[in-house]
Structures are given as C-alpha cells and as structure tokens.
Amino acid sequence: MNDIIKGAGYFIYPLGLFSFLAAYVIIERLIALRTARVLPKALSDAFISGEVVNSAGDLHSTAGRIVYFFRKTNPDPEALKAYARLEIAKLERGLFILEIVISGAPLLGLLGTITGLAKVFSSQVVENAMLNKEQFISGISLALTTTMVGLCIAIPALVANSWFHRRIELLASRIEMGVERLIDLAKRR
C-alpha cells in the first residue's frame, strides 16, 4: 500500500479525495434508498388495499411524505404528481458526485500517466545518452500507479451508480403507481 501511495506521487491527494467522496455517497445512498425509507411495506400494502386514504402519512419516508401532502393539502392530480416527482428527484441526491468521480478519477489517472511518461522521456532522465534508472523507475511507477488507482476508484463508483439509478427507477415506478392509486381514491370520494 505504501508503494502505491509513493508511486502515485502528488496525484494521490485528488485521487484520495475522489475515493472518499465515492465511498461517502455510496454508503449514504445505500442507507437512504432502503425500502423502509422510501416505500415502507405498511404503506405499500395500504396502496394495494385502498386504505391509504385513512393513513395520515409520515415524514420519515418518501411515500409517507407524499401521502402526508395529499392528506393536508387535498391537491389536484397534477399538483400531486408534481410533488411526487419532486420527492423522487430527492432520491437522486448526491449521485452527480458519483458521476464526477466516474469521469474524473480515470482522467486524473491518465494525467498521471502522461506526467510519468513525460518524466521518463524528459531531458532530465537522459544524461549523456544513458538513462537515469531512478528517475526512469519513478516515472514509470507514476504512470502505472495513477492509472491503476484512478480505475480502481472509478469502476466501483460506476457499478454503484448504475445500481442506484436502477433502484431509483424501480422505487419511482412503485411510487408513481401509489400516486395513481391516490388520484383514483380521491376521485371516488
């Protein structure tokens, strides 16, 4: 591990920041996108049974806030759909940071690669047509290490980002179905 940190040179600091941001967003979204925090089973069952109108809603889940909004304001269907879209958009909070990490980490690794290769082929390395082995090894190490670290950060972030988007899409479709159920129940009253 020490060799990786040493080999990446000063590029390790922004790469470390990318790594920290990715880990933070991934952990936070794993907690925030649990079913109990978005569409609790009791509320999902109430949507199916039609008893959701009797439910007051709660402020601890996305669907609960939508039901609470429905009960307190008695909105028209378009206002309810707009509020639901706003709540669904909140599920994507922080994912833009993962997208920045996915793009930025490999590019920073590539910049390290170019810097390392420039170091290898610079006039400082070549002395009287003889290679300075220490600078040569340092340059190659920088080139390879930054690329490796950049990809090791970006690949898990890419996987997590794809999974989160798929999860949000699934939860959003369930919430939209519940909103349609609320609209139908409101028309019957």
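Note that this is a predicted model, so its numbers are computed, not measured.
For Arg85, the salt bridge (Lys or Arg N to Asp or Glu O under 4.0 Å) criterion is met by no residue, not counting sequence neighbours. Applying the side chain to side chain donor-acceptor pair (under 3.5 Å) rule to Glu92 yields no partners; only residues at least two apart in sequence or on another chain are considered. Here Glu176 pairs with nothing under the salt bridge (Lys or Arg N to Asp or Glu O under 4.0 Å) rule; sequence neighbours left out. Annotation: side chain to side chain donor-acceptor pair (under 3.5 Å) contacts of Ser61 (sequence neighbours excluded): Asp58. Taking the side chain to side chain contact (heavy atoms under 4.5 Å, CB included) definition, one finds that Glu169 meets it with Arg166, sequence neighbours left out. Under the salt bridge (Lys or Arg N to Asp or Glu O under 4.0 Å) criterion, Glu99 pairs with no residue, sequence neighbours left out. Shown here are the side chain to side chain contact (heavy atoms under 4.5 Å, CB included) partners of Leu111, two or more places apart in sequence or in another chain: Phe11, Leu108, Thr115.
Leu144 has its side chain out of reach of Thr147: every pair of non-hydrogen atoms, C-beta onward, lies at least 4.5 Å apart.
Remark: the backbone N or O of Leu91 is paired with a side-chain donor or acceptor of Arg29 at under 3.5 angstrom.
When each of Glu87, Lys81, Arg174 is paired with Val179, the side-chain contact (heavy atoms from CB on, under 4.5 Å) condition holds for Lys81 and for no other. Just one of Ile88, Thr62, Leu43 meets the side-chain contact (heavy atoms from CB on, under 4.5 Å) condition when paired with Val38; it is Thr62.
Leu95 and Leu30 fall within the same hydrophobic cluster, where Ile, Leu, Val, Met, Phe, Trp and Tyr residues are linked whenever their side-chain heavy atoms come under 4.5 Å apart, directly or through other members. Both Phe96 and Val101 are members of a single hydrophobic cluster when ILVMFWY side chains are connected at heavy-atom separations under 4.5 Å.
Other members of the cluster containing Leu110 are Ile114, with ILVMFWY side chains joined at under 4.5 Å, either directly or via other members. Counting Ile, Leu, Val, Met, Phe, Trp and Tyr side chains that sit under 4.5 Å apart, directly or through other members, Ile31 shares a hydrophobic cluster with Ile27. The hydrophobic side chain of Val159 is isolated, with no ILVMFWY side chain under 4.5 Å apart from it.
In terms of heavy atoms, Phe69 sits closest to Ala79 at CE2-O, 4.0 Å. Across all their heavy atoms, Thr146 and Thr113 have their closest contact at OG1-N, 3.3 Å. Taking all atoms of both residues into account, the shortest heavy-atom contact from Ala63 to Leu39 is CB-CD1, 3.3 Å. Minimum heavy-atom separation, Ile26 to Pro156: CD1-O, 4.4 Å.
A distance of 6.5 Å separates CZ of Phe164 from CG of Leu98, quoted to the nearest 0.5 Å. Within the model, atoms CD1 of Ile168 and CH2 of Trp163 stand 9.5 Å from one another, a figure rounded to the nearest 0.5 Å. For the atom pair CG of Leu182 and CE of Met177, the computed distance is 11.5 Å after rounding to the nearest 0.5 Å. Once rounded to the nearest 0.5 Å, the distance linking CD1 of Ile100 with CG of Leu107 reads 12.0 Å. Atom CD1 of Ile97 is separated from atom CD1 of Ile102 by 12.0 Å, given to the nearest 0.5 angstrom.
Residue pairs meeting the side-chain hydrogen bond (donor to acceptor under 3.5 Å, both in side chains) criterion with at least one member in residues 32-43, sequence neighbours excluded: Thr35-Arg167, Lys41-Asp45.
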Which pairs would a plain distance check flag for residues 13-24, meaning a side-chain donor or acceptor within less than 3.5 Å of a matching protein atom at least two apart in sequence or in another chain?
none

